Amino acid sequence: MKALFSDGSVREEEDALHVLRHTTSHVLAQAVKRLYPETKLAIGPAIADGFYYDVDREGGFTDADLEKIEEEMRKIVKENLKVETFTLPRAEAIKLMEEKKEDYKVQLIKDLPEDAAISFYKQGEFTDLCAGPHVLYTKQCKAFKLTSLAGAYWRGDEHNKMLTRIYGTVFENKEDLDKYLAMLEEAKKRDHRRLGKELGIFMFSEEGPGFPFFLPNGMTLKNTLLNYWRGIHFPEGYKEISTPLILNKHLWEMSGHWDHYKDNMYTTTIDDEPYCIKPMNCPGSTIVFASESRSYRDLPLRLGEFGIVHRHERSGTLHGLFRVRCFTQDDSHIYVTPDQIEQEITNVVRIIDRVYRQFGFKYHVELSTRPKDSMGSDEDWENATNGLIHALGTIGLPYTVNEGDGAFYGPKIDFHLEDSIGRTWQCGTIQLDFQMPQRFNLEYVGADGEKHHPVMIHRVVFGSVERFMGILIEHYAGKFPVWLAPVQVKVLSVSEKSREYAAKVTSRLMAAGIRVENDARDEKIGYKIREAQLQRVPYMLVIGEKESEEGTSVAVRSRDRGDLGSCTTEEFISTVLRQNAERQD
RNA sequence: GCCGCUGUGGCUAAGGGGUAUAGCGACGCCUUGGUAAGGCGUAGGUCGAGGGUUCAAUUCCCUCCAGCGGCUCCA
């Protein structure tokens, strides 16, 4: 697509959508200024699937305003204004924006380098500070739609004023826009919050905002995942422990949590003593480590725990199973000698990759470095961070750096997974920690007969089992593979005459260890199939008079492939058991 | 927590100053039906909670709670 660059030249620009979106954000700002001239403009960039503009107006905006703005934007598009650009020296640029009373723009210019020439873009009566590039005429922005209204802090800092952010999207033509909107509709159908309810996996109650309830199907899914986890980890030398939910407050003071994490911690009192409900499992694990003397021969010591943690998250941040106040971490704390760090991190990365591959997940990796609020010496942090960088380099894993997002006790490697609409959520993480072993005075006896502090690796693969389940639900759109399906087989009797044999088949499958349910209701077979299908049960066994009389066979219907014809019950059982054992999709 | 929106039987929704509708589901009866909804009937709601305005509030106003989309924060 041809684009107008800030040097005044018109050249081809690869990322057509980006340019188009950026220009449409200007069209949005222009419409807002026409309708509400007192509004001050902040920033208006193109983003992954659209654009936004942050604006500041006394009283804000409502959904009704959005419609008016959209209408005005349509006019601007129709006027087909020519987009022009010009540059000004800094002082004049500031003067221009001051005249227009665009306080935020003035601030933006003042933050640019002293000697920079400041570029502007102009369409009709509207002029905006902008680096460009832009499309050539406003008519190109016709396939747009404003999508939502939100608050956003000036410069992303919650101490600053909250502005109104207007979100929209635009495509090169109406078909693409409609396709995108239809895709969003489709994605809504796989939303884990909706499917979680429909499939009887989990629920929430007003009595406990952010605290999920797991229903029978959800517990089956969760336990299946945990057993899969055990099957992966035990052969890798992990041992499983369990530590208390509630521990004395002084432990949390010692670990540093009270200093650095207390805003997220729930507390209680027992016998007049203050206690904390654990937000992390590490202090409990250190108590286990310290409970007996350890030798270098015991290391790496890999202590795993399905730890239930409670964290106070701000009410506006809760989001289905993705962001809760109580969740299960598939946690492990690995105690190593300094020269075991790299090998052990490599092992963990391999496990995480193996697990994510099992589910066919795409993921990306981030290295999170020292946050502002942290503890420990500069030297420790540097060593730990370099250790992670070195390990990542050795493995050859591509990653981006997430500055200042580490844990308060150490840097970390984060693994992010995508949900159904492309938002990413941190799941796996590997954290390198020199602090806890010092704070809790953890020691092992080295080959030299001296005592040494071990290094602690905190790591999770699923991350939060709850969040992981949410991702899984959306990934499969509820159609779990046989090995994960809460109900693997549904037996459907055609009529009363086949009830007895259906019950027999059900018990035979149950005895074989298959998760099976028998639908013996007085309903037509089509109705029962519809229901089982909506519940995404992988296999349905249709049991009618034919099967009852024959006595050894079943008619198999697959959720994905429809009627498969009949086979013997034993054949069917071995098929399901094999798919279950091999974890086939 | 902040900004905007939403909150009606188990679920999905309609309605709107004169105390409520429908579909699905549940239950009962009839039907015994072979691969995605058989028929008839019955029950079920202090319209999120608390205040206010009004002769009268589920409807208008305020506060709170919860949910949704974002921001900030994070597994």
Side-chain angles (χ1 to χ4, degrees), chain A residues 52 54 60-66 147-167 188 191 193-194 197-198 203-210 261 263-264 279-280 307 309 311-331 368 371 405 407 412 414-417 421 423 425-429 431 458 460-468 470-471 492-499 522-534 540-547 555-559 562-566:
Chain A
Y52 67 78
D54 284 349
F61 291 89
T62 66
D63 282 359
D65 298 329
L66 219 55
T147 49
S148 65
L149 218 45
Y153 301 105
W154 167 236
R155 297 196 151 149
D157 186 334
E158 66 175 319
H159 302 293
N160 289 342
K161 183 166 186 188
M162 180 163 273
L163 313 173
T164 305
R165 176 168 296 179
I166 303 172
Y167 280 95
K188 265 191 208 162
D191 190 307
R193 292 166 296 188
R194 172 180 174 148
K197 190 184 274 182
E198 282 175 16
M203 57 169 272
F204 285 94
S205 158
E206 285 201 11
E207 304 297 342
Y261 209 72
D263 289 349
N264 290 292
M280 297 190 196
V309 295
R311 299 181 183 177
H312 180 70
E313 302 295 348
R314 298 208 264 184
S315 60
T317 65
L318 302 176
H319 186 104
L321 288 183
F322 288 165
R323 195 76 194 282
V324 291
R325 285 175 172 156
C326 168
F327 58 99
T328 314
Q329 291 184 305
D330 61 315
D331 216 345
S368 294
D405 205 37
K412 52 184 187 157
D414 297 325
F415 294 73
H416 293 250
L417 296 176
I421 58 172
R423 289 181 292 213
W425 299 84
Q426 187 192 312
C427 291
T429 173
Q431 311 176 347
H458 309 235
V460 289
V461 179
F462 297 145
S464 142
V465 179
E466 285 73 5
R467 176 179 286 182
F468 198 81
I471 302 261
L492 313 175
S493 45
V494 173
S495 77
E496 204 179 310
K497 294 178 192 129
S498 45
R499 255 188 213 165
D522 182 15
E523 293 289 352
K524 285 195 161 178
I525 191 66
Y527 184 88
K528 293 186 185 182
I529 286 171
R530 179 185 155 79
E531 235 174 52
Q533 194 76 38
L534 288 174
M540 288 151 262
L541 295 182
V542 176
I543 307 293
E545 286 186 75
K546 214 172 93 199
E547 289 75 19
V556 183
R557 183 190 162 92
S558 147
R559 168 188 68 195
D563 191 348
L564 298 183
S566 59

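All values below were derived from every heavy atom in this structure, side-chain atoms included, with hydrogens, water molecules and symmetry-related copies excluded. Below, read A as the first sequence line, B as the second, and so on, with proteins coming before strands; counting in each chain starts at 1. Not measured: the values here are computed from a predicted model.
Across all strands, Asp405(A) comes closer than 4.0 Å only to sugar-phosphate atoms, never to a base (heavy-atom distances). Val324(A) comes within 4.0 angstrom of a nucleotide base, judged by non-hydrogen atoms across all strands. Contacts of Glu198(A) with the nucleic acid, taken as non-hydrogen atoms under 4.0 Å apart, are absent. When heavy atoms are screened at a 4.0 angstrom cut-off, Lys546(A) is found touching base atoms of the nucleic acid. In this structure, Tyr167(A) reaches the sugar-phosphate backbone alone: every heavy-atom distance under 4.0 Å involves primed, P, OP1 or OP2 atoms, never a base. When heavy atoms are screened at a 4.0 angstrom cut-off, Val460(A) is found touching no nucleic acid atom at all. Nucleic acid contact class of Arg423(A) (heavy atoms, under 4.0 Å, all strands): sugar-phosphate only. Within the 4.0 angstrom heavy-atom criterion, no nucleotide atom of any strand lies near Ala532(A). Base engagement by Glu547(A) is indicated by at least one non-hydrogen atom pair under 4.0 Å involving a base atom. Asp563(A) comes within 4.0 angstrom of a base, heavy atoms only. Within the nucleic acid shown, Gly156(A) comes within 4.0 Å of sugar-phosphate atoms alone, with no base atom in reach, counting heavy atoms only.
Whole-Å rounding puts the Asp263(A) CG to U72(B) P distance at 18 Å. As rounded to whole Å, 11 Å separates atom C1' of G67(B) from atom CZ of Phe204(A). G67(B) atom P lies 7 Å from atom CD of Glu206(A), rounded to whole Å. Spacing between atom CD of Glu496(A) and atom C1' of G34(B) amounts to 16 Å, rounded to whole angstrom units. One can place CD of Gln329(A) at 11 Å from C1' of C74(B), the figure rounded to the nearest angstrom.
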Response to the item:
Note, RNA chain B 5' to 3' with Watson-Crick or G-U pairs under 3.5 Å encoded as ( ), [ ], | and . gives (((((((..((((....[..)))).(((((.......))))).....(((((..]....))))))))))))....
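One C1' atom belongs to C30(B), the other to C65(B), and the distance between them is 47 Å to the nearest Å. When the P atom is used for both C60(B) and C47(B), the distance is 14 Å, rounded to whole Å. Nucleotides G9(B) and G15(B), compared at atom P, are 16 Å apart to the nearest Å. For G45(B) and G10(B), the P atoms lie 8 Å apart once the distance is rounded to whole Å. Look at the P atom in both U32(B) and U46(B): the space between them is 40 Å, to the nearest Å. Across the P atoms, C55(B) and A22(B) are found 33 Å apart, a figure rounded to whole Å. Going from the P atom of C40(B) to that of U53(B) covers 49 Å, rounded to whole Å. Nucleotides G25(B) and A37(B) are separated by 12 Å at their P atoms, to the nearest Å.
Map Leu534(A) and Val494(A) each onto its nearest nucleotide of RNA chain B; the residue landing nearer the 5' end is Val494(A). Residues Arg499(A) and Arg559(A) both approach RNA chain B. Their nearest nucleotides, taken by heavy-atom distance, put Arg499(A) toward the 5′ side.
Using a 4.5 Å cut-off on side-chain heavy atoms (C-beta onward), Met540(A) and Gln533(A) make contact. When side chains are defined from C-beta on, Thr328(A) counts as touching Glu466(A), because their heavy atoms get closer than 4.5 Å.
By the side chain to side chain contact (heavy atoms under 4.5 Å, CB included) test, Leu149(A) is found to be paired with Phe61(A), Asp63(A), Leu66(A), Thr164(A), Ile166(A), residues two or more places apart in sequence or in another chain being considered. Residues satisfying the side chain to side chain contact (heavy atoms under 4.5 Å, CB included) criterion with Asp563(A), sequence neighbours excluded, are absent altogether. Listed by chain and residue number, Glu198(A) satisfy the salt bridge (charged side-chain N to carboxylate O under 4.0 Å, His left out) test with Arg194(A) (two or more places apart in sequence, or in another chain). Listed by chain and number, the residues in a ring-ring contact (aromatic ring centres under 6.0 Å, His included) with Tyr52(A) are Tyr167(A) (sequence neighbours excluded). Remark: Lys197(A) engages no residue in a side chain to side chain contact (heavy atoms under 4.5 Å, CB included) (not counting sequence neighbours). In this structure, the side chain to side chain contact (heavy atoms under 4.5 Å, CB included) partners of Glu523(A), at least two apart in sequence or on a different chain, are Arg521(A), Tyr527(A), Lys528(A). In this view, His319(A) and Phe322(A), Trp425(A) satisfy the ring-ring contact (aromatic ring centres under 6.0 Å, His included) rule, not counting sequence neighbours. Remark: Ser498(A) engages no residue in a side-chain hydrogen bond (donor to acceptor under 3.5 Å, both in side chains) (not counting sequence neighbours).
A donor-acceptor contact shorter than 3.5 Å is absent between the side chain of Gln329(A) and the backbone of Val465(A). Remark: side-chain polar atoms of Asp330(A) are paired, donor with acceptor, to backbone N or O of Gly463(A) under 3.5 angstrom.
Applying the 4.0 Å criterion to OP1 and OP2 of G69(B), one finds that Arg193(A) has a side-chain N or O inside that range. Contact annotation: Gln426(A) side-chain N/O to A75(B) OP1/OP2 distance is under 4.0 Å. At A75(B), one or more side-chain N or O atoms of Lys412(A) fall inside 4.0 Å of OP1 or OP2 (strictly under the cut-off). Residue His319(A) has no polar side-chain atom (N or O) positioned under 4.0 Å from OP1 or OP2 of G67(B). The side chain of Tyr527(A) contributes no N or O atom lying less than 4.0 Å from OP1 or OP2 of G34(B).
Among Phe462(A), Phe415(A), Phe327(A), the single residue meeting the ring pair (Phe, Tyr, Trp, His ring centres under 6.0 Å) criterion with Phe468(A) is Phe462(A).
For Leu318(A), whose side chain is taken as the heavy atoms from C-beta onward, the closest listed nucleotide among G67(B), C74(B), G33(B) is G67(B). Here the side chain of Pro209(A) is nearest to one of A36(B), A66(B), U32(B), namely A66(B). Which of C74(B), G33(B), A37(B) sits closest to the side chain of Arg323(A) comes down to C74(B). Comparing A66(B), C74(B), U35(B) by their closest approach to the side chain of Arg467(A) singles out C74(B).
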Between the protein and nucleotides 10-16 of chain B, are there any N/O to N/O pairs under 3.5 Å, and if so, what are the atom names and distances?
none

Shorter than 3.5 Å, N or O on both sides, protein versus nucleotides 1-3 of chain B: list them out with atom names.
| from | atom 1 | to | atom 2 | distance (Å) |
| --- | --- | --- | --- | --- |
| G1(B) | OP2 | Ser315(A) | OG | 3.1 |
| G1(B) | N7 | Gly316(A) | N | 3.1 |
| G1(B) | N2 | Tyr153(A) | OH | 2.4 |
| C3(B) | O2 | Gly151(A) | N | 2.9 |

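Expressed to the nearest 0.5 Å, how far CD1 of Ile543(A) lies from CZ of Arg499(A) amounts to 14.0 Å.
Pairs passing the salt bridge (charged side-chain N to carboxylate O under 4.0 Å, His left out) check and including a residue from residues 311-325 of chain A, sequence neighbours excluded, read Glu158(A)-Arg314(A), Glu313(A)-Arg323(A).
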